[in-house]
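Each chain gets a letter, A, B and so on, in the order the sequences are listed, and its residues count up from 1.
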Protein chains: 2
Amino acid sequence: MVSFERFVPGDGPIYQQIVLYIKREISSGIIHPDDEMPSRRVLSALLGVNPNTVQKAYKLLEDEGIIRSHSGAKSLIVLSEKMREKIRNDLLENDAKNAVATLKQIGVSKNEAFELIERFWKEED
Amino acid sequence: MVSFERFVPGDGPIYQQIVLYIKREISSGIIHPDDEMPSRRVLSALLGVNPNTVQKAYKLLEDEGIIRSHSGAKSLIVLSEKMREKIRNDLLENDAKNAVATLKQIGVSKNEAFELIERFWKEED
DNA sequence: TAAGCTGTATTAATCGAATAATACACTTAG
DNA sequence: CTAAGTGTATTATTCGATTAATACAGCTTA
């Protein structure tokens, strides 16, 4: 069962955050093919949002071929290794590029950036 | 005159993006005390948004003591070195912590994070 | 001085995100 | 089998962000 323990509400529409969360968990290998998604109703209760908002996220995931839904049954993760690699590369491209651009605009040098990473990389690898 | 050349539209409300942009340019020392802000109307035309949206951003900046407005005259940046340092530290805390958390969730190791920074830090220091 | 720009304010309308309340057909487990 | 849970769909409403259209008084400069 796909867990939302690591989900932290951030900026932007909730349905997009859900999609991003799933992609990141897939990228890190925590979510695997054939894993069960929580039902729309259960997840909406867990996150404290409306079922329609969750449905919107699941619809997007299905359109991208990341989950498969059968009316009446739970939705499942369907994922080839190729798709997983593509998702990971896309996320790295977006997020890393974004982080670098932001740090540079703040006026951080490359060395200072390395120090910041060190400083905030507290926990395990 | 404060320039918006480096402004790139991103996520979230536009008025918040404007506030963040100004703070980052202040942090990097590109914007100085007594610099003139573009007028609400000029900036709204430049960004292609409504004057009210810009006004909302300027109001927030004024509430934070970052700019000062006099009816009829251009708004000016007012900033002590202490405020600048605080703004910089706040931005670093938020953005660097954020970037690290995101990279970790994607399943990036610390070493891989360093490689990514190297790779995307193309331009000058 | 006079025109043009400036900050400020007000009111109405639009638009997307999110909520709310149902309904129905399908599946799965007891 | 049957009840409970599930995916899906529909309609109405709320809310914040944004647009739109003005208006007015203060500064600034030619």
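Taking for each of B:Gly12 and A:Gln55 the nucleotide of DNA chain D with the nearest heavy atom, the 5'-most of the two is the partner of A:Gln55. Nearer the 5' end of DNA chain D, as judged by each residue's closest nucleotide, is the contact made by A:His70, out of A:His70 and A:Asn52. Judged by closest nucleotide on DNA chain C, A:Gln16 is the one of A:Arg41 and A:Gln16 placed further toward the 5' end. Where A:Pro51 and B:Gly72 meet DNA chain C, the nucleotide closest to each residue was compared, and B:Gly72 sits on the side nearer the 5' end.
Side-chain nitrogen and oxygen atoms of A:Ser39 include at least one within less than 4.0 Å of the OP1 or OP2 phosphate oxygen of D:dT6. The phosphate of D:dA17 has OP1 or OP2 within less than 4.0 Å of a side-chain N or O from B:Lys56. Side-chain N/O atoms of B:Thr53 include one lying less than 4.0 angstrom from OP1 or OP2 on D:dT19. Within the structure, every side-chain polar atom (N or O) of A:Tyr15 is placed at least 4.0 Å from both OP1 and OP2 of C:dA18. Between B:Ser71 and D:dC27, a side-chain N or O to OP1/OP2 separation shorter than 4.0 Å is absent. Checking the phosphate oxygens (OP1, OP2) of C:dT8, a side-chain nitrogen or oxygen of B:Arg40 falls inside 4.0 Å.
D:dT18 atom C1' lies 14 Å from atom CG of B:Leu47, rounded to whole Å. With rounding to whole Å, B:Lys74 atom NZ is found 11 Å from D:dT29 atom C1'. The distance between atom CG of B:Leu43 and atom C1' of C:dG7, rounded to the nearest whole Å, is 14 Å. Counting to the nearest Å, the P atom of C:dA17 and the CG atom of A:Leu60 are 10 Å from each other. A straight line from CE of B:Met37 to C1' of C:dC5 spans 17 Å, rounded to a whole angstrom.
With hydrogens and angles ignored, the 3.5 Å screen pairs no side-chain donor or acceptor of A:Ser44 with any backbone N or O of A:Val54. A donor-acceptor pair under 3.5 Å is formed between the side chain of B:Gln17 and the backbone N or O of B:Gly10. The closest donor-acceptor contact from the side chain of A:Glu62 to the backbone of A:Ser69 lies under 3.5 Å.
Taking 4.5 Å as the limit, every side-chain heavy atom of B:Lys86 sits out of range of all side-chain heavy atoms of B:Met83.
Cluster membership check: A:Phe4 shares its hydrophobic cluster with A:Val49, using side-chain heavy-atom separations under 4.5 Å among Ile, Leu, Val, Met, Phe, Trp and Tyr.
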